[in-house]
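Whatever order the structure lists them in is the order used to number ligands and atoms, beginning at 1.
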Amino acid sequence: MNDESNGSAAGFPETFLWGAATSAYQIEGSPLADGAGPSIWDEFCRQPGRIAGGDTGDVACDHYRRFRDDIELMAQIGLRSYRFSIAWSRVMPEGRGRLNEPGLAFYRELAERLLERGIQPFATLYHWDLPAALQARGGWTNPDCAYWFADYAAQMFRQLGEHITFWSTLNEPWVVVDGAYMTGAHAPGQAVPHAVPRVAHTLLRGHALAVQAFRAEGRPGQIGLVVNLEPKHAASSDTADIAAMERAHAYMNRQFLDPVFLGSYPEELAAAFGNAWPLFPAEEMRLIQEPIDFLGINYYSRSVVCDDPAGDFFGVSRVRQDGSEHTEMDWEVYPEGLGSVLRWVKRRYGDLPLYVTENGAAFNDPPVAGGRIVDDRRIAYLRDHLKAAQGALRDGVDLRGYFVWSLFDNFEWSYGYAKRFGIIGVDFATQQRVLKDSARFYAEVIASRGRSLPDL
Ligand code: IFM
């Protein structure tokens with residue numbers, strides 16, 4: 001992935017989908033209300049020491065009860081689309097079989113009201129909150145989980161497909177394998193690296209079976225996959241560092257896309273896993289290549305890496321770029337990387353419709369003053385990334401939309417509520433919402449189709 005220029009000339013296309021994104025466990029709260037079943041995150045948050053400050057998603061942004069007012073805030077910003085996820089155990093408490101009608105009613109009303117306000121629902125089927133009942137059967141380490149996921153997906157297409165036409169199967173499968181099974185920092189918190197290849201494969205089988213289920217339903221709409229990508233740069237021109245960069249790139253950027261678009265896993269992974277690398281049946285590799293309508297790309301940062309036998313599972317360590325600006329996640333601010341990943345996907349995997357399904361930054365915002373939250377660093381971050389996206393568009397990338405992460409300050413997984421990504425500030429004690437200056441900035445960008453961005 002090389003960096004290239006990202007200049008720009010005109011505004012974004014008329015049909016460009018301007019949005020903001022969230023996920024169920026991070027904002028909804030009331031995870032067990034109205035007959036919902038527990039998810040692995042409900043259970044994980046109850047394990048001492050897992051989440052900063054002992055935080056949980058029990059209340060979060062209380063969106064489950066406040067979504068009607070929240071849609072008004074979305075309309076105020078002028079969003080054309082809202083990307084949210086469906087909590088599997090809210091609609092299927094045991095993860096299989098029985099549907100929970102009040103849970104379905106929540107998503108149905110959410111989608112209906114969004115459409116009434118001219119906001120396109122963009123639904124994710126799996127944003128990490130596996131039903132606990134399925135974890136008890138092995139979760140994603142059980143190959144049957146692919147079928148459980150596809151059955152759930154088929155039910156959602158049937159139950160909600162009248163109102164929802166944009167679907168994505170999995171959000172960031174790399175984080176599922178890395179957080180949940182490589183490092184154990186995410187639910188279900190198992191650091192079992194040898195399980196990673198099989199979990200990745202089961203996720204991809206589940207994804208492909210869900211896409212087939214969508215086609216079988218014959219409903220109008222589009223279905224895709226969402227991955228998180230980041231350019232990997234070698235810390236030096238040393239061959240060991242370059243090889244380390246290739247390993248990191250194979251693991252994070254190619255592990256899921258090579259099988260979907262090219263029909264094989266990166267050789268670097270088979271080499272790194274050695275005896276733990278399974279023999280994947282040819283018919284399963286063919287299944288995984290089920291064509292999709294779009295690819296969603298979540299982009300936040302790049303990473304500069306070096307060879308380090310004492311580093312991660314792949315013998316790689318990150319080299320922090322001290323001279324650069326970093327967000328509160330300690331992620332380097334690197335807008336040109338967004339253009340790089342968009343162009344790289346087009347070059348390597350072909351010219352398919354792309355969406356930037358997440359992009360944003362956690363910063364320590366100043367307190368509310370005079371009804372405002374002045375978050376200039378977030379504005380600069382969004383501005384520079386939007387310019388990079390526009391440069392890619394100008395270079396012929398078929399970019400169809402852009403979603404800010406996140407609409408609200410929310411539950412940032414193992415960091416709890418300590419990291420604030422929102423363009424809407426949330427006071428978690430009172431649930432008061434305040435549109436940050438970045439929300440007003442984004443509203444202008446949307447209204448002007450990007451012409452309010454400098455140098456456009
Ligand atoms: O909060 C997460 C989100 O759930 C998935 N993508 C990255 C975000 C920021 O870490």
For [atom], closest protein heavy-atom neighbour:
atom                   : answer
atom 8 (C) of ligand 1 : Tyr300 OH, 3.5 Å
atom 1 (O) of ligand 1 : Glu412 OE1, 2.6 Å
atom 5 (C) of ligand 1 : Glu358 OE1, 3.3 Å

Ring centres under 6.0 angstrom apart (Tyr402, Tyr355):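 Distance test on ring centres: not under 6.0 Å, no.
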Centroid-centroid under 6.0 Å between Trp18 and Phe12 rings: yes
Nitrogen or oxygen of Gln26 less than 3.5 angstrom from that of ligand 1: yes
Distance-only N or O hit between ligand 1 and His127, under 3.5 Å: yes
Non-hydrogen atom of Lys419 closer than 4.0 Å to ligand 1: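 No heavy atom of Lys419 comes that close to ligand 1.
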Trp331 heavy atom under 4.0 Å from ligand 1: yes
Check: Arg50 and Glu43 side chains under 4.5 Å, non-hydrogen atoms: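 Glu43 does not reach Arg50 side chain to side chain.
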Glu172: numbered ligand 1 atoms lying under 4.0 Å from its heavy atoms: 5 (C), 6 (N), 7 (C)
Residues Asp129 and Arg90 bridged, charged N to O under 4.0 Å: no
NZ/NE/NH1/NH2 to OD/OE distance under 4.0 Å, Arg400 and Asp398: yes
Identified ring-ring contact (aromatic ring centres under 6.0 Å, His included) counterpart of Trp167 within the set Phe122, Phe84, Phe157, Tyr126: Phe157
